[in-house]
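Read through the structure below, which is laid out as structure tokens, and then see the notes.
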Amino acid sequence: MKYASYVGLEIHIHLLAKSKAFCSCAARFGDEPNTNVCPVCLGHPGVLPALNEEALFMGYRVAQALGCELSRRTIFERKNYFYPDMPKNYQISQFAAPLGVSGGFEFEVKGETRRLAIRECHLEEDAGKLIHAGSVTLIDYNRAGFPLLEIVTEPDLKDGEEAEAYLRSFRRLVRHLGVCDGNMEEGSLRCDANVSVNEEGRGLGVKVELKNMNSSRFVRMGLDYEIRRQTARLAEGKSIQQETRLWNENRDVTETMRKKESASDYRFFPEPDLPPFEPGEAFLERVAGLAIELPLGRKRRFVGVLGLAEEQADQLVEEKSVADYFESALALGAEARTAATWITGELRAQLLRSGQDIAASPLGPRRFAALLGALAEGRIQGTIAKQVLKAVLDEDKDPEAIIAERGLEQITDRGALGAMVDEVLAREAATAARVRSGDKKALAFLVGEAMKASSGRAAAGTLKEIVMERLS
Amino acid sequence: MLDELEPWSGLLSDPKRRAAYEAYAEGWEGRIGAFLQFSPDEPAGRRGAGQAAAKPAARLAAAGPAGRDPAEPAAAPTTEQGPTGALALVPFAVKDNIAVEGFRMTCGSRILEDYRPPYTATCVARLQAEGALVVGKTNLDEFGMGSSCDNSAFARTSNPYDSALVAGGSSGGSAAAVAAGLVPFALGTDTGGSVRQPANFCGVYGLKPSYGAVSRFGLAAYASSLEGAGVLGRSIDVVEEVFRAMVGVDPLDQTTVAGPGRPGTEAAEPKSVGVVRGLGGLDPAVEAAYRGALAALADSGLRLVELDLPMLDYVLPAYYTIATAEASANLARYTGIAYGRRCAGAENPDDLVRRSRGEGFGDEVKLRVLVGTFVLRSGFQDRYYHKAQTLRRAIRDELAGALREVDLIAMPVFPTQAFAHGDSGMDQFQQKMADKFTCTANLAGLPALAVPTGLSGGLPTGIQLLAASFREDRLFSCARRLAPAFPLPEPPSFSREFLR
């Protein structure tokens, strides 16, 4: 018997709006508990929600980037359930008319490009946070009312690997859009999954919801475990129960959280306190105006048009700021492949070392292009260029200034180089004699000594030529 | 300032007059129990006169969406040089389901017995900005659910005309306080007639504005899509003045809209009144008073036009389905966790919520929450909630159509006059059916006004007028035409001596 598995994802992202979804409190992590609160997000009697248009705007931007149809009239609904950290005991969410529907998003997995259908994107509010401390339970409402965008995919993924690849591409997208920091550890990006297994050709099986996967790796592990579990049960002739299961990251298994019978009836109905939102032309034009080249498209352009290696292009588009930096340097005359190599290699390493961000580092695209220019013109050479790069980051000066100040330009003058060589040959007369009698290995040593004498600035080819001339 | 408000202005800052006022109020309160809190002395009640009131309002005002000016509503003509507004230093009362900082807000419920709101409702803040002073919070049926005021967890309010009778509800405290002359006007809330019916029982004017005309920010929600703040007053001029001070867009209530009928809009005199054909089930005294009022409308030069409104038969089922559905969500926030009554000795959060609610809510509230939960169950919404919404649209369309033919519609307010405490002569179902005439305006979002038309058998009677959305002006001008025929009645031992 062959089995097929079907995986769909429900991703929640915290939008990087300045204020909460329905009041003016700061939407910020890490503050003292219960400091970013007001009667509205605490759900006091008599308060009303006031829609934060910035959050909605970000939601529309994500929906557009995911290829969704954007709603011309989106409505909010109350999703009713009791939970101690939810101030109103209903969540303002969207149900019948979410802000975006029927999209699709391309991503790469196993060396292929796949398109995952997106069912919908809807805006909602987050709850507070329960803190169990010994015998008491405390509540921090700072997070209550944070704007959340939920993205629901169709169950078109096959396994954990595909889900992880999609999730990574999605994370890259929202970071490129600048609407979410994508931090799964802090919970600003959360991913639940639904998974079912059935005999091949017989459609979806019984759906199991999977929660508590706090990294993309756990999403892969959780789904793969669950697919194996369900497949094994079916192979033994057992049935699958509709239920919600939790990933246990300590034991690497999924465990039952609640059965279907105890599932909630959310009793959705339209939120009477918020009128439907009808984005005008101006709003939609602003959304369109901020559309970005999707990371995957950009990567393909880097490979196809600029001739970069796949892996290098992937590294460049991982962060929008890096890809933007790369293209700025190109516009200032840097050669694509050299720039890519330096950005993903030496520059990345140096920035990691100094803890600087590429967009804000002293080595802006102009200085970077100038550095690569000096290298291309042969005025400095590779090892020197690395020193200059480090000096720019440390001292915030133009590369040209550093080259001039420290006299780092390459020495090509045959007279000067000859003098250095002669000095080395005089000092290393015995070695020189061995070369003359045919010991090729000793030649490299002598060239190296001469290079040292020039503090690494000697034009390597010329230097070697002179050494060989002198010894022939 | 209106002539009739002048004597009230500054009453509380004049020790001699205030003492007389407090004695008068005390005398009445022993008989009617209109107030849950009465503190004309408390500084909090006077916050409108100073900057104190502006503070919470300003903090909350920032909750408005980006791009709008949140400070728009609170442009007070007061502060340093003392109040100069249209309501300067005039005392008024506020129903106890409207938030006023400095006062408790109980909603007539044990679950909010000691709750002190950290902010002030927009409608109150706007009156305070005109210089008005809150003297107290008035009794109501728990969370506005009821039409007698007997359904309050703390007190029952009696009718100033006969303390064996109810004041009506749910804004019965406000109606009784105005009728007894304890305040020149009071705020109520009207979800299904809760301003108009007690106004009718107590012989005062009661306005329910158009939905969206007055901010609901600060009204403890019962049925959000139906309710709004209303005004009870002893004259139509005062009611209009107060309405004009409250009306307008509020960034904190995104269901408010800038409609016509706002201050400065040209008011056209109404010419015709629609009279609904075949209204049955009225008490004889109510029927007679209603006929008399229609005759007075005709005498005042209005053309009476007979109307058929078949959808009126569906008002009650639609109303109670929607009201209870919304209530089931609106009242879910009362859990004893962050504020309000908390049960003792809870073992875990779920236990705490369950028991706090069990202890805190009265029977009628529990009934409506249960019904609302029932009608919203998935799989049953088509049968109940969605069907009610369909009916609501049909009712709204029918009334809008009628109001294109006529300028106003006249109806009774309630099928009976004020009834006895604990015995309306109706069972629970009949009592709800009796809300038919008032609920209509709430379902359709229309402005409606209860106009007192004198006494019958020693008890007040009245008529209800409905107008198209944002045509409050027509209600006011029609009420003015009726005023000469129906001088405002005064209950026994009514006096204005203390104002002199």
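The sequence lines fix the lettering, A, B, ..., with proteins before strands; numbering per chain opens at 1. Note that this is a predicted model, so its numbers are computed, not measured. No hydrogens, no waters, no symmetry mates; every other heavy atom, side chains included, goes into these values.
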Quick one: what part of [X] sits under 4.5 Å from any heavy atom of chain B, side chain, backbone, both or neither?
{"X": "A:N80", "answer": "side chain"}
{"X": "A:P87", "answer": "backbone"}
{"X": "A:Y141", "answer": "side chain"}

Which atoms form the tightest heavy-atom contact between [X] and [Y], and what is the distance?
{"X": "B:E326", "Y": "A:R78", "answer": "O-NH1, 4.0 Å"}
{"X": "B:F217", "Y": "A:V47", "answer": "CE1-CA, 3.9 Å"}
{"X": "B:P251", "Y": "A:A50", "answer": "O-CB, 3.8 Å"}
{"X": "B:S378", "Y": "A:D265", "answer": "N-OD2, 2.8 Å"}

I need the [X] [atom1] to [Y] [atom2] distance, nearest 0.5 Å.
{"X": "B:Q254", "Y": "A:L274", "atom1": "CD", "atom2": "CG", "answer": "6.0 Å"}
{"X": "A:F269", "Y": "B:S328", "atom1": "CZ", "atom2": "OG", "answer": "6.0 Å"}
{"X": "B:I337", "Y": "A:L42", "atom1": "CD1", "atom2": "CG", "answer": "12.0 Å"}
{"X": "B:R357", "Y": "A:F82", "atom1": "CZ", "atom2": "CZ", "answer": "3.5 Å"}

Please confirm whether the ring centroid of B:Y115 lies under 6.0 Å from the ring centroid of A:H44. yes

Among [options], which residue forms the greatest number of heavy-atom pairs with chain A at distances under 4.5 Å?
{"options": "B:T335, B:V375, B:T373", "value": "B:T373"}
{"options": "B:I98, B:N348, B:N330", "value": "B:N330"}
{"options": "B:G218, B:P349, B:C107", "value": "B:G218"}

Any side-chain heavy-atom pair from [X] and [Y] closer than 4.5 angstrom?
{"X": "B:L112", "Y": "A:P45", "result": "yes"}
{"X": "B:Y385", "Y": "A:R267", "result": "no"}
{"X": "B:R216", "Y": "A:L48", "result": "yes"}

Below 4.5 Å from any heavy atom of chain A, which atoms of [X] appear? Answer side chain, backbone, both or neither.
{"X": "B:A325", "value": "backbone"}
{"X": "B:Y211", "value": "side chain"}
{"X": "B:A121", "value": "neither"}
{"X": "B:Q389", "value": "neither"}
{"X": "B:L219", "value": "backbone"}

Tell me, out of A:L130, A:T137, A:I139, A:D273, who's got the most heavy-atom pairs with chain B below 4.5 Å. A:D273

Should the heavy atoms of other residues, nucleotides or ligands under 6.0 Å from [atom1] of [X] be counted, would the total exceed 12?
{"X": "A:F57", "atom1": "CZ", "value": "yes"}
{"X": "A:E255", "atom1": "CD", "value": "yes"}
{"X": "B:K366", "atom1": "NZ", "value": "yes"}

